[in-house]
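FYI, the numbering just counts along the sequence from 1.
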Amino acid sequence: MRIGLALLLSLMFIASGVARTADVALIGAKIYTSPTDPPIENGSTVVRDGLILSVGPSSTIKIPHSATIIDCRGLVVTAGFWNSHVHILAPALLHIQDSDAKKLDQELDTMFNRWGFTTVFDIASELDNTLALHRRIESGELRGPRILTVGEPIWTIEPVYVRDFLRQNHIHIENTETPEQAIALVRDHAARGANGIKLFTGSDQGHGQVALLPVATAKAAVDEVHRHGMPVFAHPTNVEGVRVAIDSGVDILAHTLPQSPPWTPKFTQQLKHANLSLIPTLTLFDVEARKANVPDQQRTVWIAQMVDQLRAYSEAGGDILFGTDIGYTDHYDTTLEFTLMSQAGMNYKQILASLTTNPARKFGDSDHTGRIAKDMKADLVILNADPAQDVTAYSKVRFTIRNGKVLYKER
Ligand SMILES: [Zn+2]
């Protein structure tokens, strides 16, 4: 009789199309619901159908009998992280259509899942390939973050450091000179499903040469992107490249400037006035300098200059977005980036904002991601240590959960 009833109930569920996944309950954690709210010292949260059902002090949260429990005593929970500067150009991700799921899952784990990223912004890649990866993740076939993408970038000529890589991998990206060409690229990308556009306002040609994007071309591109309601990133290379970004109305600087002098208060205010968000990518230039055998002393100067720029912008109240340029580099570990951000005077709350609420706001997703609250997406990171004690705790990920499903679990 009991079996009959259970069968009947399950048939009713199937008939009504209800395929409820089990609730998940994280219990006993220190929970940072946002960078600005005080943490809940002994907190629990229940996840249902990919959304936060409840969050609060453990004594007030009702745990459903059927929930899968994750014991978080001694652990720390934050909203899922954004990485606002990545590239779907890692060798293992270049041929999505022909790659098997297991290999792709391994690469997604290594690059993104194990570092807590539940949303990433790819800011230059092959659009069709990246969209194919996005589709395979969203279909549930692969375990990975939500991927937003700009596809192929706009440049007058490709930067010197990607020339060999592009040739070896048979990737051809057209050069863009005129406003008409820029507008055509933006319209094409918007129609195919891009989420933003990247401009090389300054393209490094080596030996101190930088190919600037004409302001008229940059402005035409930016205006067209904004008509589609999308953000524009700029790779500036130098101060002149930043000027083109300011003059054309770009939204986000994709890097600090390792070889440029300190940012004066006047310059910093111009960036702020232009409403530019800044992605520091400090680790990148450490990795690049080591790869190019730049003398230690020179490398140290570059890092110090970037750290000073980040400090200037952060102290001025500029918007900072966490990003590491992974996929261009294979240095996936986020530890050094957090250390350097901290050296720039950013505290753990400001760093958490750069990982969560700042990108959610900048990219128009504040109603769904960036904080832990009822009805928000259940994008969560469970950390082994407390970033309030040491910011490198943001690298010590025990679990990554996206839409209520475990993307990554530390072994
Ligand atoms: Zn990059």
| Derivation of the side chain to side chain contact (heavy atoms under 4.5 Å, CB included) call for L108 and I137 | CA-CA 10 Å; L108 292 168; I137 291 172; 4.0 Å; yes
Rounded distance [0.5 Å steps], [atom1] in [X] versus [atom2] in [Y]:
X	Y	atom1	atom2	answer
T329	L89	OG1	CG	11.5 Å
R136	I147	CZ	CD1	11.5 Å
I154	S203	CD1	OG	13.0 Å
E158	E174	CD	CD	11.5 Å
T300	Q305	OG1	CD	11.0 Å

Sub-3.5 Å donor-acceptor pair from the side chain of [X] to the main-chain atoms of [Y], do we have one?
X	Y	answer
T201	G241	yes
D100	K103	yes
S44	S58	no
N347	K349	yes
S395	T335	yes
E224	A221	no
H189	E152	yes
D325	L284	no
H87	A124	yes
T268	T264	yes

With a 4.5 Å cut-off on side-chain heavy atoms, are [Y] and [X] touching?
X	Y	value
D319	K362	yes
L310	L282	yes
V47	L53	no
I246	L276	yes
H228	V225	no
T45	I61	no
V86	F112	yes
Y394	W115	no

| message | Run the salt bridge (charged side-chain N to carboxylate O under 4.0 Å, His left out) test on R227 and D223 for me, step by step, so that the C-alpha distance in whole Å, both residues' side-chain angles and the decisive distance to 0.1 Å come before the verdict. | response | CA-CA 6 Å; R227 265 194 283 279; D223 290 347; 5.8 Å; no
| query | When you look at D109 and L407, which way does the side chain to side chain contact (heavy atoms under 4.5 Å, CB included) test go after all the steps? | reply | CA-CA 8 Å; D109 271 341; L407 285 190; 5.9 Å; no
| request: Give the C-alpha distance, both sets of side-chain angles, the deciding distance and a yes or no for side chain to side chain donor-acceptor pair (under 3.5 Å) between Q205 and R163. | output: CA-CA 10 Å; Q205 299 302 299; R163 208 158 283 159; 2.9 Å; yes
Write out all pairs satisfying salt bridge (charged side-chain N to carboxylate O under 4.0 Å, His left out) with one or both partners inside [range], taking only residues at least two apart or from two chains.
range	value
residues 113-128	D128-R192
residues 364-382	R146-D365
residues 76-95	none
residues 235-255	none

| query | What is the minimum heavy-atom distance between S342 and I351, and which atoms define it? | reply |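 Looking at all heavy atoms of both residues, the shortest contact is N-CD1, 4.1 Å.
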So, are [X] and [Y] salt-bridged, with charged N and O less than 4.0 Å apart?
X	Y	answer
D308	R311	yes
R402	E138	yes
R290	D286	yes

| task | Tell me, please, which residues at least two apart from D204 pass salt bridge (charged side-chain N to carboxylate O under 4.0 Å, His left out). | result |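 Result, salt bridge (charged side-chain N to carboxylate O under 4.0 Å, His left out) vs D204: none returned.
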| message | I'd like to know whether T356 forms a side chain to side chain contact (heavy atoms under 4.5 Å, CB included) with T369, so could you lay out the CA-CA distance, the side-chain angles of the two residues, the decisive distance to 0.1 Å, and finally the verdict. | response | CA-CA 7 Å; T356 56; T369 70; over 6 Å; no
| request: Let me know which of I70, I63, N42, V46 forms a side chain to side chain contact (heavy atoms under 4.5 Å, CB included) with I27. | output: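 For I27, the side chain to side chain contact (heavy atoms under 4.5 Å, CB included) check succeeds only for I63.
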| request: Apply side chain to side chain donor-acceptor pair (under 3.5 Å) to N129 and H95, showing your working. | output: CA-CA 7 Å; N129 187 63; H95 305 283; 5.9 Å; no
Partner residues of [X] under the ring-ring contact (aromatic ring centres under 6.0 Å, His included) criterion, sequence neighbours left out:
X	value
F121	F233, F363
F165	none
F399	none
Y32	Y348

| task | Give the intermediate values and the outcome of side chain to side chain contact (heavy atoms under 4.5 Å, CB included) for residues M346 and I320. | result | CA-CA 10 Å; M346 292 181 72; I320 311 294; 4.0 Å; yes
| message | Going by the rule side-chain hydrogen bond (donor to acceptor under 3.5 Å, both in side chains), which residues pair with S34 if we only count those two or more places apart in sequence or in a different chain? | response |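 Checked S34 against side-chain hydrogen bond (donor to acceptor under 3.5 Å, both in side chains); matches are T36, D37.
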| Pairs touching residues 241-262 that satisfy ring pair (Phe, Tyr, Trp, His ring centres under 6.0 Å), sequence neighbours left out |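 Qualifying pairs: H85-H255, H235-H255, H255-F285.
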| field | Residues that R398 engages under side chain to side chain contact (heavy atoms under 4.5 Å, CB included), provided they are two or more places apart | value |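 Here the qualifying residues are L75, I382, N384, E410.
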| message | Just checking K291: does its NZ atom have more than 12 heavy atoms from other residues, nucleotides or ligands closer to it than 6.0 angstrom? | response |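 Yes - once you tally the heavy atoms of other residues, nucleotides and ligands closer than 6.0 Å, there are more than 12.
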| Side-chain donor-acceptor pair present, K396, T392, cut-off under 3.5 Å |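 Result is yes, a qualifying pair exists.
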| field | Matching residue for E337 among N83, T283, T281 - test: side-chain hydrogen bond (donor to acceptor under 3.5 Å, both in side chains) | value |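 Among N83, T283, T281, the one that satisfies the side-chain hydrogen bond (donor to acceptor under 3.5 Å, both in side chains) with E337 is T283.
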